[in-house]
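Remarks on the structure that follows.
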There are 2 protein chains.
Amino acid sequence: MKILVVEDDQFHARYVLDAISEELPEVTEIAHAINRDEAEDEARAGEFEAIVMDLQMEHGNGIDAARAIWAHNPQTRILFWSNYADEAYLRGISQIVPEASAYGYVLKTATRDRLKLALRAVLFEGQIMISRELYQYQRQGQPSSALDKSEYAVLLDLALGLQDKMIAERQNLSLRTVQNRLQSLYDKLGIDEEDGPALNKRVRALNCAIRKKALNLQTLESAEAEYQRWCESQ
Amino acid sequence: MKILVVEDDQFHARYVLDAISEELPEVTEIAHAINRDEAEDEARAGEFEAIVMDLQMEHGNGIDAARAIWAHNPQTRILFWSNYADEAYLRGISQIVPEASAYGYVLKTATRDRLKLALRAVLFEGQIMISRELYQYQRQGQPSSALDKSEYAVLLDLALGLQDKMIAERQNLSLRTVQNRLQSLYDKLGIDEEDGPALNKRVRALNCAIRKKALNLQTLESAEAEYQRWCESQ
DNA sequence: ATATTTTTTGCGGGAACCCGCAATCGCGCG
DNA sequence: CGCGCGATTGCGGGTTCCCGCAAAAAATAT
């Protein structure tokens, strides 16, 4: 079994590499990449079955790297390994994970045993495993306060700075429906129930989404890139 | 000499602690805190002359911790030690650093020698030392594309979601002047020169500021807290 | 002290935004 | 089939935002 570790922090890389060799004696080859480009090159060349991927890297983020790798080989199992329990990351990942694959999400603050467990469960056994801290975001059961897919799409467009008309075009909705979505976004982000004087709801929505970690820098960058592509295809 | 290390990542903490004991034999006592509250308690109790402070922590950010510590003892020398070269951090720090103190900013990606150099220069010699990657933001020489103090203040208020009238009130400016500031913000963030259709400038400004790292999550949180305080004092 | 440039401020209008109201559409259920 | 409930859409109006224009004020140069 061949494993690729993508991690730009030398200490964290060493830690994972050690954990792998302790927990997975089945592994015959371990490679190590320290940014997105290296990761994609390695993955293309090496045909790894399993990858441990850091989400925050100096150059390029882990989600884009994963998308590229999965596009090339959808069966690759990827364990994401991150400092932060941001809803934004989980949403980003769920959007790109292919049917054929297994993945997992572990926090860097997890114990060594939990990391090892995730390594075995995801990379070796091909299970799905998501840290409890994040799993709450995934449950679409309760409608209240959890953004559904279409609301999240509108949130992304709002965050880019698109105006209503253009969001409508991109999402194939009428203008008024977009405004309804915005309305429910404002509700779910809790924008009107704040004391103090009235605020600019659009900006406030972005602010709240970021503070609640429904969006983060990587999300914005990815959405921006996707939007640029969409623009050119128009 | 007594040093306090504030760092919630065990590997990074160990790395700094080692570097300190290698480079600064003058140190007689090293303490270690892993979040903002611990840091403030330690600092209050221990009267440290020098601190190494991580900026990204799970609980509470380093800038707020530094503000509290400096409020209690303005001569404390603080070396900030961070993963990211965000303008937002540097601006946040410059706003709170007292006259009497020395501080520094080193990236975690710096070499061990550079870290040691910074440790000695800032903590022992009391110099100011700022990583080159950030220093560009500090030069107020060229007006173009660098936000001046008053523009930055307006940017913060915009980011909170305040509307023009309220920004005017908070900054003691006329409504129209606020709009002028916004105008120059839009220019400097490069908002109109983008291709594609028109955007919502307010939201776009926040988006760009974040992507350019003029603002980040910690900035927004701090600004929010400050705004809440301001509201209550009104 | 005077002239020139820059900044601030007011006014006004067009566009975008927010949202209440009501008609319409879609869809499951008795 | 007919009914009911929620989501979608159009319309209208009040508000905020963006910005050009020009006068007043302040800063700077001559």
Side-chain angles (χ1 to χ4, degrees), chain A residues 140-194 196-209 227, chain B residues 140-194 196-209 227:
Chain A
Q140 310 274 28
Q142 305 77 322
S144 88
S145 91
L147 306 183
D148 68 26
K149 205 143 189 156
S150 107
E151 284 164 342
Y152 191 74
V154 171
L155 174 59
L156 279 180
D157 282 354
L158 177 148
L160 287 174
L162 303 198
Q163 31 192 75
D164 297 1
K165 198 175 36 166
M166 220 171 326
I167 301 179
E169 198 176 329
R170 255 162 77 80
Q171 309 285 335
N172 276 101
L173 298 171
S174 83
L175 189 64
R176 191 59 178 86
T177 302
V178 169
Q179 294 170 335
N180 284 341
R181 293 283 145 79
L182 289 173
Q183 196 69 33
S184 61
L185 261 184
Y186 299 154
D187 289 345
K188 292 188 179 177
L189 292 171
I191 285 182
D192 257 339
E193 65 211 21
E194 318 194 6
L199 300 172
N200 179 309
K201 305 205 170 183
R202 272 179 170 245
V203 175
R204 190 62 179 172
L206 177 49
N207 179 311
C208 286
Y227 171 64
Chain B
Q140 310 275 26
Q142 302 80 318
S144 90
S145 91
L147 305 184
D148 69 25
K149 206 145 189 155
S150 108
E151 284 164 341
Y152 192 74
V154 171
L155 174 60
L156 279 180
D157 281 354
L158 177 149
L160 287 174
L162 304 198
Q163 29 191 78
D164 297 1
K165 198 175 38 166
M166 220 171 325
I167 302 179
E169 198 176 329
R170 256 162 77 79
Q171 309 284 335
N172 277 101
L173 298 171
S174 83
L175 189 65
R176 190 60 176 84
T177 302
V178 169
Q179 294 171 334
N180 284 341
R181 292 283 144 78
L182 289 173
Q183 195 69 31
S184 61
L185 261 184
Y186 299 153
D187 289 346
K188 292 189 178 174
L189 292 170
I191 286 182
D192 260 336
E193 66 210 25
E194 320 192 5
L199 301 171
N200 180 310
K201 306 205 169 181
R202 270 174 174 249
V203 175
R204 190 62 178 170
L206 177 49
N207 179 310
C208 287
Y227 170 64

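Per chain, numbering begins at 1; letters A, B, ... match sequence-line order. Only heavy atoms go into these numbers, but all of them, side chains included; no hydrogens, no water, no symmetry mates.
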**Report entry** From CD (A:Gln163) to CZ (B:Arg204), nearest 0.5 Å
**Finding:** 12.0 Å
Query raised in the report: What is the distance, rounded to the nearest whole Å, between atom CG of B:Asp187 and atom P of C:dT7?
Result: 13 Å
Query - Gap separating the CG atom of A:Asn200 from the CG atom of B:Asn200, nearest 0.5 angstrom - result: 7.0 Å
**Report entry** Separation of C:dT7 C1' from B:Glu151 CD (nearest whole Å)
**Finding:** 12 Å
Query raised in the report: If we only count heavy atoms from C-beta on, is the B:Met166 to B:Asp157 side-chain gap below 4.5 Å?
Result: no
Report summary line: On a heavy-atom basis, the closest approach of B:Asn207 and A:Leu206 is N-CD2, 4.2 Å
Query raised in the report: Are B:Arg176 and B:Asn180 linked by a side-chain donor-acceptor pair shorter than 3.5 Å?
Result: yes
Report summary line: Output for pair (B:Leu189 CG, B:Leu147 CG), nearest 0.5 Å, gives 6.0 Å
**Report entry** Strand-adjacent residues in residues 172-181 of chain A, judged by heavy atoms under 4.0 Å from DNA chain C
**Finding:** A:Arg176, A:Gln179
Query - Gap between atom CD of A:Glu169 and atom CG of A:Leu162 - 0.5 Å precision - result: 10.0 Å
Query raised in the report: Rounded to the Å, how far apart are A:Leu199 CG and C:dC17 C1'?
Result: 15 Å
**Report entry** Spacing of A:Gln183 atom CD relative to C:dC17 atom C1', expressed in whole Å
**Finding:** 11 Å
**Report entry** Sugar-phosphate only, base, or nothing, as touched by B:Lys165 at under 4.0 Å among non-hydrogen atoms
**Finding:** nothing
Query - Minimum side-chain heavy-atom gap B:Glu151-B:Asp148 below 4.5 Å - result: yes
Requested in this report: Name the first nucleotide and the last nucleotide along DNA chain D (5' to 3') that come under 4.0 Å of a heavy atom in chain B.
Outcome: D:dT16 to D:dC21
Query raised in the report: To the nearest Å, how far apart are A:Leu185 CG and C:dC17 P?
Result: 14 Å
